[in-house]
Amino acid sequence: MGYVPTSWLPGGTPDPLIERRVTLGTQQSRIDGAEKVRGAARFAAEVRMERLLYASLVHSTIARGRIAELDVSAAEAAPGVALVMTHRNAPKMALPPPIGLTNLKAAGNNILPVMQDAEIRWNGQVVAVVLAETQEQADHAASLIKPRFEATPARTRFEQAKADARTPDSLLIEKNRLKKGDVKAAFEAAARSVDAVYRTPWHNHNPIEPNAATISWQDDRLIVHDATQMLHGTAVSLAKVFGIKESQVYVSSPFVGGGFGGKALWDHQILGAAAAKLAGRPVRIALSRAAMHRLIGGRSQTEQRVALAADTNGKLKGLIHHGFSVKPPHSACDEAFTLAARSLYASENLDIVQHTLDLDVLANSFMRAPGEAPGTFAVESAMDELAHALGLDPIELRRRNVGDKDPVSGAPHSQSNLMLAYELGAKRFGWERRVATPRSRREGEWLIGMGCATGSFPYMRVPGTSVRMTIDGKGQVTVSSAAHEMGMGTATVQRQIAADRLGLPLASVTVRIGDTSLPFGGMAGGSSQTASLGAAINAASGKLAGELLRLAGNDTPLAGLRASDVEFADGGLRKIDEPSRHESFTSILKRAARSEVSVTGESGAPLEVLKFSMYSRSAVFCELRVSEVTGEIRIDRLLGSFDCGRILNPRTAASQFRGGMIMGIGMALTEETLFDERSGRIMSGSIADYHVPVHLDVPDIDVVWTDIPDPRTPMGARGIGEIGITGVAAAIANAAFNATGKRVRDLPLTPDKFLLA
């Protein structure tokens, strides 16, 4: 199990940093901000290498079949071309190991052979890689390759695939099918019920930095400068693909321009490494937006039936959540949308299950609160429908159904105060001005409405995350881990945690992150990285105290003390109940004739989740207007009120919350991957066709939080990276209903649906 502090187990004492906070809880600027503003931050496609070649890709245009002809002679003869790689000359490569919770050193998403045969498995699969002296030369040469394919029947239609749907035994680590009580009888006896189908479309990743890698081989050593949120997972996976040792792969990723689940291991890194090996020269492979949509999986399409039954007081008596998502056998990701229904509200009777469809498409992947984002849209829209049917305020309906323990397991909440989040948000938002009757507020052609919804995302902490702490002779501390900076302030908060844990000013702490030469860092995903790093820093600090006491020896005010007797303070160690017994780090190291002392601590198994129900929650409020003439929606105000434990840095936290809520706006109003079911082709291959919110789409976004510590987590904090998006789409849809009286259950909420609904 590794090291698990007793403070995180039942009966334990909470983390002392919950109360003893100096820099934690204060506004701190991101330490990487200055580099990014100056343009000095080096991203994966900006690493300079001698004799660098540039890659361009040729994609299949069918969903299933074989390559019949592949004439590359014109491309090979084109100016500047150094290599054309196809299945005929690609090196032998093993399958990438699948990403998952059971193997933290695996990062594969698309578990299929990479350029090993002539078979085509999805529309967009790479059939040729062209390397040239410039990107323009590579792109031109790639355009000269005109493969001919022999197509075979492909499964590309969602509705048809439902007849052969599979019902997996589990979703992530949860049992899939859940039945409790007698749901049929509950609906027959209900005073009110709602029963509707909600649909969400395919979504694609569109981070500001496209997926890219700069790759070289140095003898038998593979060097990869990657845009990844899984450093060690990528390194170990590439080692297995190429049949080399883990120690022979070095992956660097100091900065990532947005990840959101899409930056693990995909075909392009493997293809780039294989081509570099064949060419004997370094390769840069930077995906275009179109290539990203063809090679980087996103969110699966979903169809969800949610039915709610309630008594006359609005108390839930029955809850049904069924549905379909896509998960081909070669995909590692469950779009586990039904998990949201299990944790939010108490119901005496439950019937929950989801089915997966096997289509000949690119593997779907983890994306921006996977499962919870589409799941909360359906559940929270249904809750709003039930509130309307009962004539209850939507917040009051939720108040009557929020349980004091986990609705399924019966486990106590570690800390949960969703209704306080609703109270804080409603007061600040002015919810009392909402008019319950739809179409009651108007300004000219504009119908005005308000809506709310709950967001939810589970707490995660990744075991094995390690941190090395080094104190030098000047009392300066370096904290090192293969963590990831994707723009959310990882290094900044890590520095704050270490400073407060060691009783040092921020200026005395330096953070190193971003490459596999550093101690193992788990993935930056699942809103888990800060808690995992905090646990590792805690473990390391305990080891550090013991090592310093050993070095101090007997000629010290600390003589005879154990690590449990001392605390970090004033640049050294002191006895907890006798502050005069103190010695500085510099003094201890000088007497021991040491230039530095270094220890490594590791985040142990997250046993806390076995005993407690642990979730971050939000209450989202929206006010918008809908044009009766055009059907367009304009959001006037958006507020998120969050219950996520302690907030460690209000500045970076507010940025994360707002960023997630903007993603929720995109999910609600604009984002949709246009998928041609006849051919399996993604038609929206650019951000001109795939619409993400721009400045004019985004209103002023207000955020507040309860800031109540969770006594079972490091620093009292839970993850905040993904809770911002959950609930937003439902709040917008519910506000649109309040404005128009038209209930639209299919995302995105495009103007035509309000004109024709």
Worksheet item: Applying the side-chain hydrogen bond (donor to acceptor under 3.5 Å, both in side chains) test to Gln529, which of Arg461, Gln229, His484 qualifies?
Response: His484

Item to complete: Determine, step by step, whether Asn204 and Thr673 satisfy the side chain to side chain donor-acceptor pair (under 3.5 Å) criterion, reporting the C-alpha distance in whole Å, the side-chain angles of both residues, the deciding distance to 0.1 Å, and the verdict.
Response: CA-CA 6 Å; Asn204 269 96; Thr673 299; 2.7 Å; yes

Worksheet, complete the sentence: Those residues at least two apart in sequence (or on a different chain) that pass salt bridge (charged side-chain N to carboxylate O under 4.0 Å, His left out) with Asp500 are none

Worksheet item: Excluding sequence neighbours, so at least two apart, what forms ring-ring contact (aromatic ring centres under 6.0 Å, His included) with Trp266?
Response: none

Fill in: Summary of salt bridge (Lys or Arg N to Asp or Glu O under 4.0 Å) pairs that have at least one residue in residues 100-110, sequence neighbours excluded
Lys105-Glu246

Fill in: pair Trp705-Phe657: side-chain heavy atoms closer than 4.5 Å
yes

Worksheet item: Is the closest side-chain heavy-atom distance between Pro394 and Trp431 below 4.5 Å?
Response: yes

Discussion item. Ignoring hydrogens and geometry beyond distance, is a side-chain donor-acceptor pair present between Asp226 and Gln269 at under 3.5 Å?
Written reply: yes

Practice prompt. Would you check if there is a donor-acceptor pair between the side chains of Thr478 and Arg512 at a distance under 3.5 Å?
Written response: no

Worksheet item: Is it true that the side chains of Ser613 and Asp406 contain a donor and an acceptor less than 3.5 Å apart?
Response: yes

Worksheet item: So, Ser365 and Asn109: side-chain donor and acceptor under 3.5 Å apart, yes or no?
Response: yes

Discussion item. Could you tell me if the side chain of Val620 sits less than 4.5 Å from the side chain of Cys452, heavy atoms only?
Written reply: no

Worksheet item: So, do Gln494 and Val479 sit near enough that their side-chain heavy atoms are less than 4.5 Å apart?
Response: yes

Discussion item. Between Arg368 and Glu671, does any NZ, NE, NH1 or NH2 come within less than 4.0 Å of an OD or OE carboxylate oxygen?
Written reply: yes

Item to complete: Specify the closest pair of heavy atoms between Gln656 and Gly721, including all atoms of both residues, with the distance to one decimal.
Response: NE2-CA, 3.4 Å

Item to complete: Enumerate the residue pairs fulfilling ring-ring contact (aromatic ring centres under 6.0 Å, His included) with a member in residues 512-535, sequence neighbours excluded, ordered by first and then second residue.
Response: His232-Phe520

Fill in: Charged tip of Arg637 within 45° of Phe429 ring normal and under 6.0 Å
yes

Practice prompt. State whether a side-chain donor-acceptor pair under 3.5 Å links Tyr615 with Ser414.
Written response: no

Discussion item. Could you go through Tyr459 and Glu608, starting from their C-alpha distance and side-chain angles, then the distance that decides it, and tell me whether this counts as side chain to side chain donor-acceptor pair (under 3.5 Å)?
Written reply: CA-CA 10 Å; Tyr459 164 83; Glu608 59 269 31; 2.7 Å; yes

Discussion item. For Leu316, is there any backbone N or O sitting under 3.5 Å from a side-chain donor or acceptor partner on Asn401?
Written reply: yes

Discussion item. Regarding Ser532 and Ser603, do their side chains bring together a donor and an acceptor under 3.5 Å, going by distance alone?
Written reply: no

Discussion item. Going by side-chain hydrogen bond (donor to acceptor under 3.5 Å, both in side chains), name the pairs with one or both residues in residues 716-725, residues two or more places apart or in two chains.
Written reply: Gln415-Arg718, Ser527-Glu722, Asp710-Arg718

Worksheet item: Is there a donor-acceptor contact under 3.5 Å linking the side chains of Thr338 and Gln354?
Response: yes

Worksheet entry | Ionic contact status for Glu485 with Arg30, cut-off 4.0 Å | no

Fill in: Contact list for residues 251-266, test salt bridge (Lys or Arg N to Asp or Glu O under 4.0 Å), sequence neighbours left out
Glu209-Lys263

Worksheet item: Between the side chains of Ser466 and Thr600, is a donor N or O closer than 3.5 angstrom to an acceptor N or O?
Response: no

Fill in: Member of Ile537, Val509, Leu24, Leu544 meeting the side chain to side chain contact (heavy atoms under 4.5 Å, CB included) criterion with Arg501
Ile537

Practice prompt. Would you check if Thr713 and Met614 make a side-chain contact, meaning some heavy-atom pair closer than 4.5 Å?
Written response: yes

Worksheet item: Less than 4.0 Å between a side-chain N and a carboxylate O, is that true for Arg399 and Glu423?
Response: yes

Worksheet item: If we ignore angles and hydrogens, is there a donor and acceptor under 3.5 Å between the side chains of Glu372 and Thr726?
Response: no

Worksheet item: Do Glu335 and Lys327 meet the salt-bridge criterion of a basic N to acidic O distance under 4.0 Å?
Response: no

